[in-house]
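Okay, so here's the structure we're looking at.
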Amino acid sequence: MMHFMLLFSRQGKLRLQKWFIAIGEREKKKIIREMTQSVLARQPKTCNFMDWKDLKIVYKRYASLYICCGMEDQDNELLTIEIMHRYVELLDKYFGNVCELDIIFNFEKAYFILDEFLMGGEVQETSKLSVSKCIEESDLMQETMEEYLSKPTF
Amino acid sequence: MPAVSKGDGMRGLAVFISDIRNCKSKEAEIKRINKELANIRSKFKGDKALDGYSKKKYVCKLLFIFLLGHDIDFGHMEAVNLLSSNRYTEKQIGYLFISVLVNSNSELIRLINNGIKNDLASRNPTFMNLALHCIANVGSREMAEAFTADIPKILVAGDTMDSVKQSAALCLLRLNRTSPDLVPMGEWTSRVVHLLNDQHLGVVTAATSLITTLAQKNPEEFKMSVSLAVSRLSRIVTSASTDLQDYTYYFVPAPWLSVKLLRLLQCYPPPEEGAVRGRLTECLETILNKAQEPPKSKKVQHSNAKNAVLFEAISLIIHHDSEPNLLVRACNQLGQFLQHRETNLRYLALESMCTLASSEFSHEAVKTHIETVINALKTERDVSVRQRAVDLLYAMCDRSNAQQIVAEMLNYLETADYSIREEIVLKVAILAEKYAVDYTWYVDTILNLIRIAGDYVSEEVWYRVIQIVINRDDVQGYSAKTVFEALQAPACHENLVKVGGYILGEFGNLIAGDPRSSPLIQFNLLHSKFHLCSVPTRALLLSTYIKFVNLFPEIKATIQDVLRSDSQLRNADVELQQRAVEYLRLSCIASTDILATVLEEMPPFPERESSILTKLKKKKGPGKVPDMEETKKERNSDMNGSTEPVSVNSSAVTMSTPSTSTDLLGLGLAPVLNSVAPASAGGSLLVDVFSDNSPAVASLAPTAEENFSSPRIGSADVVSDDPAAAVHDADELVNKFVCKNNGVLFENQLMQIGLKSEFRQNLGRMYIFYGNKTSTQFLSFSTAVICQDALKTHILLHLFCITKQVDPAVDGGAQVQQILNIECVSDFMEAPILNIQFRYGGALQNMSVKLPVTLNKFFQPTEMTSQDFFQRWKQLSIPQQEVQKIFKAKHPMDTEVTKAKIIGFGVALLDMVDPNPSNFTGAGVIHTKNIQVGCLLRLEPNTQAQMYRLTLRTSRETVSQRLCELLSEQF
């Protein structure tokens, strides 16, 4: 099970934080600080994994952004890399070639997309089509809510 | 201005975000934020009701501010209001705010729960999904209480949309993790298993996670899932890459689902049914075969997904540990990866091989890769990978290669990263001890460790070398010689001074014959280091000096001069001053005989698990959960506080063990010393102790003797006001009842308490008889049962005691009876306390006794065959699941008595299971209301050494520990 996912820039600015465990704000800030520091300090061409306390940290760099996940020991590391990749693909599909600014200005969308994909620290839906369909439908819903409600629910 | 704004842009929000981005300094940012907060606050407080859009916008701004790292103390109410909006995006923002910001503010939670309830009932799938996400994100206990009944229904209802089923499955999973006791098992469980057959792969993916977690806790109930998972997996593995459409990821069919299914199968032993087993083996072979095929794509995503499945399959093969053919293939595959150009694969191969090394089928195959692994240690550029290499070397080490591996690790230690040095030190120390044939090699290795990485040599390591040297007389002379030589180095590490000081103090006489290491030379050598050392080390050296006084009377005067100097006698440090004063005095007034007794050589240390191993386990073990830590501490203190009579042989021992180190040297004397120290800190008292004409031993001894010599019968004679304190060490009483249910619990001049009890599954009933032994009436007789832990918020002990009250007057010579009903809700450590009060002859009597309600009472014996036993044994192979204790026999080692005790303990005694007929094996299930814990035990007696080794394996760490504690006291 994933414990947290963090997105931060090369300057160490946090862009997104998702926690799947109950944990206090102070503790969160401590983890964020430690993660940004240790991930940013990693040399190039090293592996994408680090041990940290009893968690396994899996991280990957996308242009100016780092994604970093805290996983439990028995979780599959390679697949975690692909979770991050799939998330980036989903952002890409929604924003069209996503960049850091998209995530800054539409942070709430970034959270919604992540929610469609992961839940409770587990992968909920791996199909790109299904996830992006959900997101697009909800975007449409703003305008057509009245119509939607007048329709019989399934 | 925003680069992109999709869907429903909130212009105000975008402007605010770009304002923040344009701030030149942190101060400017804070100023801008404060301005915004004031604005939002006035809007929320304003008379004009805000429309939904504005409310959403402001809540979203607050969220943004919070995520920047600032505190937000308002707006929660507005967010909750958004939940009841009919507009999807408003609702969505409300839920997002709550998911990110809400803690368990109970007032608010009720309102939120209300919103969630409405959305769950709306039958609108998107709303239901939002609500389920919110529950999963917050996951608080209040939410669990409110919704655990509904969610299973949503999950298995026939008309629920697929996407809602997915959310419901994972939501339930989350609640099960946070509040397992609240998630009811029931009729829905079997239907959940059938979701593995669902047509929608997304549903199967989500459900598999849920089933895996549930199966870990109740393997029996979810047994069905094995065959379903195998057939699902087989369909995926054999499908063409296009069959699964969007669930194919870079030409790999459903990698996420495959991995989850493989994980689910790791909750179980190999399938018993031949056909299923065959099909699974085929699957695993197919996966291994595919690894040899040329890649379908050059993209890294393709190889990652493919290898992710491969590694998970290898994990399953290792877990089953039953097919030598597959194990060797797995090992070869990993061997290929060891040399792969992808760092990730090298890392994972090392990690995976580590577990493979512990299988008897593949241990040898793993060992063939030793050169590659050593090479990795030397050449890998990535510290994470090097660490894995160290782990693997540790795992593959056995007698045949220990010398080589230890040498390589020591070599590496010289240049190793600081972050992993301590761990390497521990590993080297353990391997050196475990595989030492020749203990001189062991001593050399440890001294090398101290030389190379002294700072990282923890106390456990040097304590251990001392324990071993003291327990093995064949190595004492060599050790004395070696430390003496090592101390010659102009700059040596303080840890070396400690080891050297201790060993020379004990065994310096063994090398004193050599004029190059005469007593005076030894003393001068140690004393030359004295002033460079920290206080604890100096304290230890002072003890060495007094030991020298006994070993070498010829240098007594020199030592007395040193002790007498102002820098010792008037040292600012209380501990040092006290030692100097006491030792000086002791050396002056005690006769040679008394000195020889007081300063006698240390007795051998009791055999027990290496403290280093404990430390390594602790380092690796999950240290997050607070109560785990607590149990660990408890266990440690148990180990240290073992009141082995050996350690009492003379209070002199305290002399040679400075208080800072006593703890680990494990004599349980630390509290004694500590209690002496503060009392004597005020100078005059200190002198008093010695001005007394009786020998020093006697004046030091009482505390020690009181603590250890007379075995007090628990708290049998307690007449105390403080029940908790009085019963504190009454464990002996409880121990008496571990293997039997009836008997006299307690007796004094006034009364006798008898017990009769019966237990079935998680329920028990206890009849308590109070007999008045006097001829006078007891007045105001009352009893109460106290469950200590039940008071804590995190409840560990759940015993519901329903006591029928007894008559307040008990006649002389009469007996009254009481019934106690017991229900075990979950596993527990402490025993409940029975508190009795009455008036006898005008005086209020108050006594407390521990009731012998112990975890093992809730055992149901389980008969099983040898094959079953060992299969289950292997399944419980996680280190935390096993607890082992080696201890000395306290009673004659009679086979029949032992058998009776094991049966009395509650497990089934399994005959003909253990290949060694003198060993005992047993199996049973602990029944509690929440869970059932299967338990296997094995007791290996060693009649020659009069020792036992007891091993317990259960699926819960706390249960293993508690049962081991209880049972080990019985022999």
Side-chain angles (χ1 to χ4, degrees), chain A residues 1 14 16-17 19-22 24-25 29 42-43 45-51 53-54 74 76-79 81-83 85-86 94-96 99 101-102 104-109 111-112 115 119-130 134 137-139 141-142 145 148-149 153-154, chain B residues 2-8 14 17 21 60 63-64 67 69 86-89 92-93 96 123-124 126 133 136 139-140 161 163 166-167 170-171 173-174 178 202 205-206 209 246-247 249 254-257 259 263 301 304-305 307-308 311-312 343-344 347-348 381-382 384-385 387 622-624:
Chain A
M1 176 191 134
L14 188 64
L16 181 139
Q17 47 172 316
W19 304 87
F20 297 104
I21 43 160
E25 287 305 320
K29 283 186 180 157
R42 294 274 289 172
Q43 302 291 321
K45 288 206 176 165
T46 49
C47 67
N48 296 70
F49 321 123
M50 276 187 323
D51 285 328
K53 302 206 171 156
D54 49 350
Q74 69 271 28
N76 194 305
E77 294 93 336
L78 287 175
L79 215 48
I81 298 182
E82 296 317 306
I83 287 179
H85 188 74
R86 178 43 52 111
Y94 181 78
F95 290 108
C99 67
L101 277 182
D102 293 323
I104 296 172
F105 279 100
N106 300 283
F107 70 96
E108 80 281 10
K109 292 282 182 252
Y111 280 96
F112 296 149
D115 266 350
M119 183 171 175
E122 302 282 352
V123 172
Q124 174 174 227
E125 177 54 81
T126 64
S127 157
K128 201 152 72 170
L129 283 177
S130 306
C134 277
E137 270 176 6
S138 70
D139 263 356
M141 216 170 283
Q142 162 101 337
M145 182 57 71
Y148 182 87
L149 284 176
T153 42
F154 44 92
Chain B
V4 197
S5 177
K6 285 207 65 162
D8 54 319
I17 294 176
R21 284 178 53 75
C60 210
L63 186 59
F64 181 79
L67 289 170
N86 271 336
R87 288 186 174 270
Y88 179 76
T89 50
Q92 202 180 19
I93 294 287
L96 180 60
R123 303 187 48 81
N124 173 333
T126 26
H133 270 110
S140 74
M161 299 272 290
S163 66
Q166 286 168 268
S167 305
L170 292 177
C171 184
L173 168 60
R174 172 70 205 266
T178 46
T205 308
S209 294
D246 207 30
Y247 289 89
Y249 182 81
W256 277 280
L257 181 54
V259 164
R263 275 220 60 78
Q301 282 77 24
N304 275 351
N307 290 327
F311 273 107
E312 207 59 54
T343 318
N344 284 344
Y347 173 98
L348 294 171
R381 287 166 53 192
D382 183 345
S384 303
V385 183
Q387 183 154 9
K624 281 194 64 128

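The chains referred to below are lettered A, B, ... by the order of the sequence lines, with proteins before strands, and numbering in each begins at 1. These figures come from a predicted structure and were not determined experimentally.
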Apply side chain to side chain donor-acceptor pair (under 3.5 Å) to the pair A/Glu125 and B/Thr205, showing each step before the final yes or no. CA-CA 7 Å; A/Glu125 177 54 81; B/Thr205 308; over 6 Å; no

Given that the side chain runs from C-beta out, which part of B/Phe64 has a heavy atom under 4.5 Å from chain A: side chain, backbone, both or neither?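 The answer is both parts of B/Phe64.
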
Check each atom of B/Ile17 against the heavy atoms of chain A and say whether the ones under 4.5 Å are side chain, backbone, both or neither.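 It is both, since atoms from each part get that close.
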
Could you go step by step and tell me if B/Tyr247 and A/Leu129 meet the side chain to side chain contact (heavy atoms under 4.5 Å, CB included) rule? CA-CA 9 Å; B/Tyr247 289 89; A/Leu129 283 177; over 6 Å; no

Flag the one option from A/Gly121, A/Ala22, A/Ser127 with the top tally of heavy-atom pairs under 4.5 Å to chain B.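 Heavy-atom pair counts peak at A/Ser127.
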
Residue among A/Gln43, A/Lys128, A/Met50 with most heavy-atom pairs under 4.5 Å to chain B: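 Of the options given, most contacts go to A/Lys128.
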
Closest approach of A/Arg42 to B/Ser384 (non-hydrogen atoms, all atoms of both residues): NH1-OG, 3.1 Å

Quick one: does any side-chain atom of A/Asn48 pair with a main-chain N or O of B/Asn344 as donor and acceptor, under 3.5 Å? no

Any donor-acceptor pair under 3.5 Å from A/Glu82 side chain to B/Ala305 backbone: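 No: the side chain of A/Glu82 does not pair with the backbone of B/Ala305.
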
Would you call B/Asp382 and A/Lys45 a salt bridge, taking side-chain N to carboxylate O under 4.0 Å as the test? no

May I ask you to decide if the ring planes of B/Tyr347 and A/Phe49 are parallel, tilted or perpendicular, using 30° and 60° as cut-offs? tilted

Could you please spell out the steps behind the side chain to side chain contact (heavy atoms under 4.5 Å, CB included) verdict for A/Asp115 and B/Gln92? CA-CA 11 Å; A/Asp115 266 350; B/Gln92 202 180 19; over 6 Å; no

Hey, which of B/Leu63, B/Asn307, B/Leu96 has the most heavy atom pairs under 4.5 Å with chain A? B/Leu96

Would you mind reporting whether A/Thr126 and B/Tyr249 have side-chain heavy atoms less than 4.5 Å apart?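 Heavy-atom side-chain distance check fails, nothing below 4.5 Å.
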
